[in-house]
Amino acid sequence: MSIEKPRTLRRLHTRLASFRQLEVFLTVAEHLSVGAAAQSLHLAQPTVSTQLGRLADQVGMPLFEQLGRRLYLTPAGECLQAGCREIFEALARTDMQLSRLAGAQTGCLRIASVTTAKSLLPAYLGRFSATYPDIDIEFQIANRDALIARLKENRDELYVFSHPPTELDIVAEPFADNPLIVVAPADHPLVGRSGLHWEDLAAFPFLIRETGSGTRLSLEKACREYAWSLKPRMTIASNEAIRACVMSGLGLTVLSRHAVADELGRRLVELDVADFPLRNTWYVVHWRGKALSPVAREFLAFLQERETPA
Ligand code: PGA
């Protein structure tokens with residue numbers, strides 16, 4: 001005679017139907033929307049809802065709750081989400097290791113960077129992908145604060161910062177310079193003057209990045225260090241929008257040279273100001289002790305071997 005254990009006493013893996021079900025759950029949990037998850041998985045919405053219902057039954061607790069029009073994870077849902085991320089990361093790693101044993105360079109590079117690095121990284125990613133055409137790339141972009149949040153949640157394998165968080169147990173490997181420069185529109189009265197000082201800029205409006213941005217952090221640090229005063233006229237959460245505003249004559253700015261390189265000497269000019277450029281460095285970051293996938297390790301080695309692309 002076999003005695004069946006009560007459902008909640010049976011171990012989780014014996015209660016789950018399939019990895020696909022977990023994938024459906026994780027996609028809904030990341031989007032917090034059944035519709036968006038269905039679209040990204042190319043499934044019908046009722047199929048996704050049915051899978052979620054079954055999974056909740058198997059787990060024995062509700063995974064989501066609907067409050068008004070928004071979907072929230074329950075504590076059980078959050079717990080399952082964290083577990084699923086680890087499971088899929090381990091599977092992806094195993095998949096890549098197996099591919100490697102089979103001699104194929106395949107897999108996915110999961111990398112996230114601060115907004116400013118998106119002007120620099122594509123050149124590296126382009127060369128990497130030309131060398132390893134079968135490797136997929138997932139490239140996420142966020143400002144520094146949002147990137148630290150992703151790092152804390154272990155959402156990606158590698159991160160690119162110029163101000164890596166010092167309070168976390170991470171490894172940060174430098175790979176390129178990140179000079180911050182003072183930028184003016186080509187027809188600005190200060191263009192062509194050499195030996196300017198920060199005080200010479202005081203009469204002109206300034207456009208700066210939002211709180212939470214690494215660029216702003218670096219400028220604020222320099223202001224403290226050199227006792228410069230800074231009265232920004234506009235705060236804008238995008239390098240592209242700041243560039244456009246500077247080109248329209250709305251003010252001066254301090255941005256990474258990488259973020260304006262294609263317009264320098266054309267519609268934008270780098271002013272010759274004492275103590276500039278502010279010297280920063282790009283770092284590629286990962287958790288210390290994290291088991292990196294072969295693809296991530298390959299990319300780290302690739303970054304260290306390359307000159308900064310022009
Ligand atoms: P940001 O970061 O794009 O958030 O300004 C750039 C940096 O860290 O220098």
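Ligands are counted one by one from 1 in listed order, and the atoms in each one are counted from 1 as well.
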Centre-to-centre under 6.0 Å for Phe302 and Phe175, is that the case here?
no
With a cut-off of 3.5 Å and sequence neighbours excluded, list every side-chain donor-acceptor pair involving residues 163-172.
{"unit_1": "His163", "atom_1": "NE2", "unit_2": "Asn280", "atom_2": "OD1", "d": "3.4"}
{"unit_1": "Asp169", "atom_1": "OD1", "unit_2": "Arg288", "atom_2": "NE", "d": "2.9"}

Within the structure provided, determine whether Thr27 and Val48 are in side-chain contact (heavy-atom separation under 4.5 Å).
no
Using a 4.0 Å cut-off on heavy atoms, what residues surround ligand 1? Order them by chain and number.
Val114, Thr115, Thr116, Asn143, Arg144, Ser162, His163, Asn178, Arg209, Ser213, Gly214, Thr215
All N/O donor-acceptor pairs, side-chain side in residues 202-213, below 3.5 Å, sequence neighbours left out:
{"unit_1": "Arg209", "atom_1": "NH1", "unit_2": "Asn239", "atom_2": "OD1", "d": "2.8"}
{"unit_1": "Arg209", "atom_1": "NH2", "unit_2": "Thr115", "atom_2": "OG1", "d": "3.0"}
{"unit_1": "Glu210", "atom_1": "OE2", "unit_2": "Asn143", "atom_2": "ND2", "d": "2.8"}
{"unit_1": "Ser213", "atom_1": "OG", "unit_2": "Thr215", "atom_2": "N", "d": "3.1"}
{"unit_1": "Ser213", "atom_1": "OG", "unit_2": "Arg216", "atom_2": "N", "d": "3.1"}

Using 0.5 Å steps for rounding, measure from the NZ atom of Lys221 to the OG atom of Ser218.
6.5 Å
List for me each residue that meets side-chain hydrogen bond (donor to acceptor under 3.5 Å, both in side chains) alongside Tyr132, sequence neighbours excluded, and say none if there are none.
Glu298
